[in-house]
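Below you'll find the structure, written out as structure tokens, and then a few comments.
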Amino acid sequence: MANSTASAKRDGFSSALGVLAATLGSAVGLGNIWKFPALTGSNGGAGFLLIYLCATLVVGLPVMIAELTLGRHARANPIAALKRMGPPGRPWWLVGVIGMIAAFLIMAFYSEVVAWVFAYVWKGLEGSALSSDPAVTQGAFTALVSSPWQSLLWQWVVLLLIGGILLKGVSGGIEAVTKRLMPLLFLLLTALCLYSLTLDGAGAGLSFLFRPDFSKVDATVVLTAVGLAFFKMSIGMGTMMTYGSYFRTEQNIPLTAGRVMCADLAVSLLAGIAIFPAVFTFGFEPAAGPALLFITLPAVFAQLPFGQLLMVLFFVLTSIAAIGAMLSLLEVPVLILHERLGWPRHKAIGVCVAVVAVLGAACALSGSVLAGFLLFGRNMFELMDFVSSNVLLPVGGILVALFAGWVWGKESFTHAVSNAGELGNTRLARVLVVLLRYVSPVLILIVMLHGLGVL
Ligand code: PFF
């Protein structure tokens, strides 16, 4: 390793609450607001929820626990961790490299969506983009996406903010910020939910979200649930390994991961309860993705009392959710460059922000000057989303599961997960080993082949 001073005074999370806030901050993100509720509603409601829960328990949670445990044991970035813990001469460290590439690609398109969210906080304050006519809200969104400068400038605002927080370090930056933002997120979301439940469409919204319709549940729905569980828990790209390296020695990792899973699910459900009653009250179609956030919801807000205030609150809370996720994404390459090349943190952050700005520009301009530039039939935005979510994350997840289950081995894994036997959870650790060895890799592989159109 190039730098011993980096590890000598290694930063880390300072309290159990800080660990929880930062890890939850990573899991909670845009996925909770525009993916989970819409997918649940259109894939069979409570039936989908049940499958998602199973997918989270048998695939998401074991891989998350494995990543956190590997990171804490090695107290190093993912590349160094796998190099140190793997057999000599075997290239397991490449999993860390895949993770770093995935982090850059995800940040490139994710930061652009966060840029739109930031722009909508501004539009909310101005009162623009608020109209009961969806054609008008569609026009406002198209104007933003097709303006190269607006897209780029808002993306730079996002990147400077995230880079600025990381400059303050792990405990002074990530932990301090997520510890304040996560409670605020729950508060805002609960307030919006309570408001939404008073609307006329509350019954229709809740029934869209929760009515079990098992006729809609087929193989594709199951695979969608596994893929969502994976993206939601921020696994497969070294994020959790990086955060695990900042965990305190006495932290109960399975308990922390379980709490993060439950709190993340709560945010997703609350988001659905806040959004769909309002959407149904005005007879809109429940959309997913950007259309829901930037076209349908402003049209809904325009018709509600205090609509402008609600719009600002909603996009502020979506920004909060996205900030925690972005912090964890950027921290992966920052730690790698800091530890491997011995760069000071501020240099590593500057370089990583610059790389994301360049890759991100390709995504930001996908709606304007680069609109006609397609590779494999996809524009840059879609391509980076596809490659990271459908190839790199699953490959990373499979390899982490195999590494923890087979290479690092049952005894070492059980020893580390149980805090050297202190937690008395060795039986749980053994179940996790079985899942990591046989269940998670196979399920993730099937999801990946499906995502690639092979199955
Ligand atoms: N979990 C985040 C979300 O649901 O929006 C997305 C994400 C963050 C994926 C961090 C991967 C990651 F490393």
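Atoms within a ligand are numbered from 1 in the order they appear, just like the ligands themselves.
- Ser171 and Asp11 share a donor-acceptor pair across their side chains, judged by distance under 3.5 Å alone.
- When the heavy atoms of Lys232, Met107, Met240 are ranked by distance to atom 4 (O) of ligand 1, first place goes to Lys232.
- A perpendicular orientation is assigned to the rings of Tyr438 and Trp406, their planes being inclined by more than 60° (bins at 30° and 60°).
- Counting protein heavy atoms only, atom 9 (C) of ligand 1 is closest to Phe231 O, 3.5 Å.
- Under a cutoff of 6.0 Å and an axis angle of 45°, Arg378 and Phe386 form a cation-pi pair.
- If you check which protein heavy atom lies closest to atom 13 (F) of ligand 1, you get Thr239 OG1, 2.5 Å.
- Near Leu329, meaning under 4.0 Å from one of its heavy atoms, ligand 1 places the atoms 10 (C), 12 (C), 13 (F).
- For Ala322, no heavy-atom contact with ligand 1 is shorter than 4.0 Å.
- Heavy atoms of Tyr110 approach ligand 1 to within less than 4.0 angstrom.
- Protein heavy atom closest to atom 10 (C) of ligand 1, with residue, atom name and distance, is Ser234 OG, 3.3 Å.
- For Arg345, the salt bridge (Lys or Arg N to Asp or Glu O under 4.0 Å) partners are Glu331, not counting sequence neighbours.
- Polar contact with ligand 1: present for Gly31 (N/O pair, distance under 3.5 Å).
- Of the protein's non-hydrogen atoms, the one nearest atom 2 (C) of ligand 1 is Ala27 O, 3.5 Å.
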